[in-house]
Amino acid sequence: MNFAIAGCGHIAGKHIEAIENTEGARLVAVCDPNPGRLAEMRMRLPDAACYAELGTLLEREPDVDAVCVCAPSGLHAQLALKAAAAGKHLVLEKPVTLDLEEAERLRQAVRAAGVRAAVVHPNRFRPAIRHLKNALAQNRFGKLSHVNVTVRWNRSQAYYDQAAWRGTKAMDGGVLMNQAIHGLDLLQWLFGPVAEVKSLVATRVRRIEAEDVAIAAIRLESGALGVIEAATTVYGHNLEETIAVFGETGYAVIGGRTANWIRHWACAGMSEEETAALIREVEQDPYGIPGHQCIIADLVGAVAEGREPAVTLEDGIRAVELALQMTGGGRGGDFRLVPEGAGKGEV
């Protein structure tokens, strides 16, 4: 499959490496309106055609089979719609969109064009997360009582100031859309749909338009309860990303600065020796095959086999819906947002 990349910022590098390391994939073109970035791409990718605009790329490169959308979040939908209209398969960086109306237009466009759309939620492919998914499928933890998703990270003011789109509602979306969206995807992929959301969001530390901290209490359709906490306000450095589940016959906590390690694991059906062996296996290779490479390889397979990708457009939209429910911008839910300027102790 011949791939093109739309948007040559930081994340494009991971797509380049993923395509280069995937059998049956070849990068043939890139586009970006920034002349400096295009110059860098010409140096790095001498065999790839470079364009300033996606429409021109699609017109002049008819052999492109798939487009990786790597532009700022607020541009994802319009670029994806243009590529789908040209009959190109899609690899969509997270979040697929910041708006549910755009999500619906994209859903219809993909369906009408008959193309495949994969969403980049690479955390699903981490070894520890795969073990957790398998354990849940085997009902290792029994009836679930509650789950937690925690993202306690640092994004400094300098991080937000380096590009005008960062921290804006229209292009970035805030901590839930930009940093915690993978956790929102994992929550629903692992534990099932969310039935009820009660949330608080605020912009407490960073000088940005969107929220920099958010918390929510949720009820899953299964009846299990949950807590979501996401922040870019942690002092100094990323502290932790954690997925935790507690049930009648066991529990598991996957954590670290990124959720790659088994911090705690116990269930009635496993001996201490089996549990220790599982933890050692993950510690020997906590990252596994890079998630972006898994996404690219899976799309190649999905197109060849006529099936849906492992992470579908619907999966991506579902994570966006939950983020919007937490901020009060989605459908359903029960929201009580912190008023701007609220004092300590107010809810």
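Numbering of residues begins at 1 and proceeds along the displayed sequence. Because only heavy atoms are used, hydrogens play no part in the values below, and waters and symmetry mates are left out as well, while side chains stay in.
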Item checked: Atom of P95, atom of S73 and distance for their closest heavy-atom approach -> CD-OG, 3.3 Å
Next item on the list: Could you list the residues that satisfy salt bridge (Lys or Arg N to Asp or Glu O under 4.0 Å) with R307, not counting sequence neighbours?
Entry: D298, E305
Item checked: 4.5 Å side-chain heavy-atom contact, L106 and L92 -> yes
Checklist line | 4.5 Å side-chain heavy-atom contact, V320 and M177 | finding: yes
Checklist line | Residues forming a side-chain contact (heavy atoms from CB on, under 4.5 Å) with N2, sequence neighbours excluded | finding: R26, V28, D63, D65
Margin query: I want to check something: taking the side chain as every heavy atom from C-beta on, are R204 and D212 in contact at a cut-off of under 4.5 Å?
Written below: yes
Next item on the list: Might you point out which heavy atoms bring A216 and S199 nearest each other, and give the distance in Å?
Entry: CB-CB, 3.8 Å
Checklist line | Approximate separation, where rounding is to 0.5 Å, of R257 CZ and T242 OG1 | finding: 12.5 Å
Item checked: Under 3.5 Å donor-acceptor, E221 side chain and G192 backbone -> no
Next item on the list: Show the numbers, then the answer: is there a side-chain contact (heavy atoms from CB on, under 4.5 Å) between H89 and M1?
Entry: CA-CA 10 Å; H89 304 290; M1 287 180 61; 4.1 Å; yes
Next item on the list: Given side-chain contact (heavy atoms from CB on, under 4.5 Å), test R107 with E314 step by step and report yes or no.
Entry: CA-CA 8 Å; R107 180 189 283 123; E314 293 303 321; 2.7 Å; yes
Note to self: Counting neighbours of CG on L278 that are heavy atoms of other residues, nucleotides or ligands and sit closer than 6.0 Å, is the number greater than 12?
What the structure shows: yes
Margin query: Nearest 0.5 Å, please: how far is CG in L54 from CD1 in I5?
Written below: 12.0 Å
Next item on the list: Determine, using the 4.5 Å side-chain heavy-atom cutoff (strictly less than), whether F125 and I11 are members of one ILVMFWY cluster.
Entry: no
Checklist line | Polar side-chain atom of R155 near backbone of Y160 as donor-acceptor pair, under 3.5 Å | finding: no
Item checked: T150 backbone acceptor or donor facing E240 side chain under 3.5 Å -> no
Margin query: Checking R126 against N123 for the side-chain contact (heavy atoms from CB on, under 4.5 Å) test, could you report, in this order, the C-alpha distance in whole Å, the side-chain angles of both residues, the deciding distance, and whether it holds?
Written below: CA-CA 5 Å; R126 294 172 174 175; N123 297 9; 3.4 Å; yes
Margin query: Using only atom types and a distance under 3.5 Å, with no angle test, would you say the side chain of Q293 pairs donor to acceptor with the backbone of P290?
Written below: no
Check: Quick check: does any side chain N or O of Q188 sit under 3.5 Å from a backbone N or O of L184, one acting as donor and the other as acceptor?
Finding: yes
Margin query: Under 4.5 Å between side-chain heavy atoms, counting indirect links through other Ile/Leu/Val/Met/Phe/Trp/Tyr residues: same cluster for I129 and I262 or not?
Written below: yes
Notebook entry, point to check: Got V67 and K82 here, is their nearest side-chain heavy-atom distance under 4.5 Å?
Noted result: no
Check: Out of curiosity, does Y51 fall in the hydrophobic cluster containing L58 (side-chain heavy atoms, cut-off under 4.5 Å, transitive links)?
Finding: yes
Checklist line | Side-chain donor/acceptor of T249 to backbone N/O of C267, under 3.5 Å | finding: no
Checklist line | Residues, nucleotides or ligands: over 12 heavy atoms within 6.0 Å of E272 CD | finding: no
Checklist line | Contact check, side chains of I254 and V282, non-hydrogen atoms, under 4.5 Å | finding: no
Next item on the list: List for me each residue that meets ring pair (Phe, Tyr, Trp, His ring centres under 6.0 Å) alongside Y159, sequence neighbours excluded, and say none if there are none.
Entry: none
Notebook entry, point to check: So, the side chain of T327 versus the backbone of L324: is there a donor-acceptor pair under 3.5 Å, distance only?
Noted result: yes
Next item on the list: Inspect the surroundings of NZ in K133 and state if more than 12 heavy atoms from other residues, nucleotides or ligands are less than 6.0 Å away.
Entry: yes
Next item on the list: Check A310 against D315 and note the closest heavy-atom contact, atom names and distance.
Entry: O-OD2, 3.8 Å
Check: Do V227 and H146 have side chains that get closer than 4.5 Å, going by heavy atoms?
Finding: no
Next item on the list: For I296 and A25, work out which heavy atoms get closest and say how close.
Entry: CG2-CB, 4.3 Å
Check: When clusters are formed from ILVMFWY side-chain contacts under 4.5 Å, directly or step by step, what else is grouped with M43?
Finding: none
Notebook entry, point to check: In terms of hydrophobic clusters joined by side-chain contacts under 4.5 Å, are I215 and V205 together?
Noted result: no
Next item on the list: Please check if any side-chain donor atom of T258 sits under 3.5 Å from a side-chain acceptor atom of N260, or the reverse.
Entry: yes
Check: Can you name the nearest heavy-atom pair linking C50 to L38, along with the distance?
Finding: CB-CD2, 3.9 Å
Note to self: If you count every heavy atom of other residues, nucleotides or ligands that lies below 6.0 Å from R263 atom CZ, does the total exceed 12?
What the structure shows: yes
Check: If only atom types and distance count, is the side chain of R116 paired as donor or acceptor with the main-chain N or O of L299 below 3.5 Å?
Finding: no
Next item on the list: Please examine the side chains of I228 and L322, heavy atoms only from C-beta on, and report whether any two atoms are closer than 4.5 Å.
Entry: yes
Check: Measuring from N21:CG to I16:CD1, what's the distance to the nearest 0.5 Å?
Finding: 11.5 Å
Check: Relative to the ring of H292, is the ring of H15 parallel (under 30°), tilted (30 to 60°) or perpendicular (over 60°)?
Finding: perpendicular
Note to self: I'd like to know if the side chain of D32 reaches the main chain of C8, judged simply by a donor and an acceptor atom lying under 3.5 Å from each other, with no hydrogens or angles considered.
What the structure shows: yes
Margin query: Walk me through whether L190 and L136 qualify under side-chain contact (heavy atoms from CB on, under 4.5 Å).
Written below: CA-CA 7 Å; L190 291 168; L136 289 163; 3.9 Å; yes
Margin query: Can you tell me how far apart CD (Q179) and CD (E241) are? Round to the nearest 0.5 Å.
Written below: 11.0 Å
Margin query: Between H76 and E102, does the side chain to side chain donor-acceptor pair (under 3.5 Å) criterion hold? Intermediate values first, please.
Written below: CA-CA 10 Å; H76 287 178; E102 284 188 337; over 6 Å; no
Next item on the list: Kindly compute the distance separating CH2 (W189) from CG (L187), expressed to the nearest 0.5 Å.
Entry: 12.5 Å
Next item on the list: Please report the closest heavy-atom contact between L98 and K169, naming both atoms and the distance.
Entry: CD1-O, 3.5 Å
Next item on the list: Please confirm whether the backbone N or O of N154 pairs with a side-chain atom of T232, one donor and one acceptor, at under 3.5 Å?
Entry: no
Item checked: Partners passing ring pair (Phe, Tyr, Trp, His ring centres under 6.0 Å) against H121 (at least two apart in sequence or in another chain) -> H182
Next item on the list: For residues I243 and F191, determine if any side-chain heavy atom of one lies less than 4.5 Å from a side-chain heavy atom of the other.
Entry: yes
Checklist line | Cluster check V253, L220: I/L/V/M/F/W/Y, side chain < 4.5 angstrom | finding: no
Item checked: side-chain contact (heavy atoms from CB on, under 4.5 Å) partners of A163, counting only residues at least two apart -> W165, R166
Notebook entry, point to check: What do the steps show when you test K14 against E17 for salt bridge (Lys or Arg N to Asp or Glu O under 4.0 Å), and what is the final call?
Noted result: CA-CA 5 Å; K14 291 191 175 183; E17 293 177 3; over 6 Å; no
Item checked: Interatomic distance, E93 atom CD to I295 atom CD1 [nearest 0.5 angstrom] -> 9.0 Å
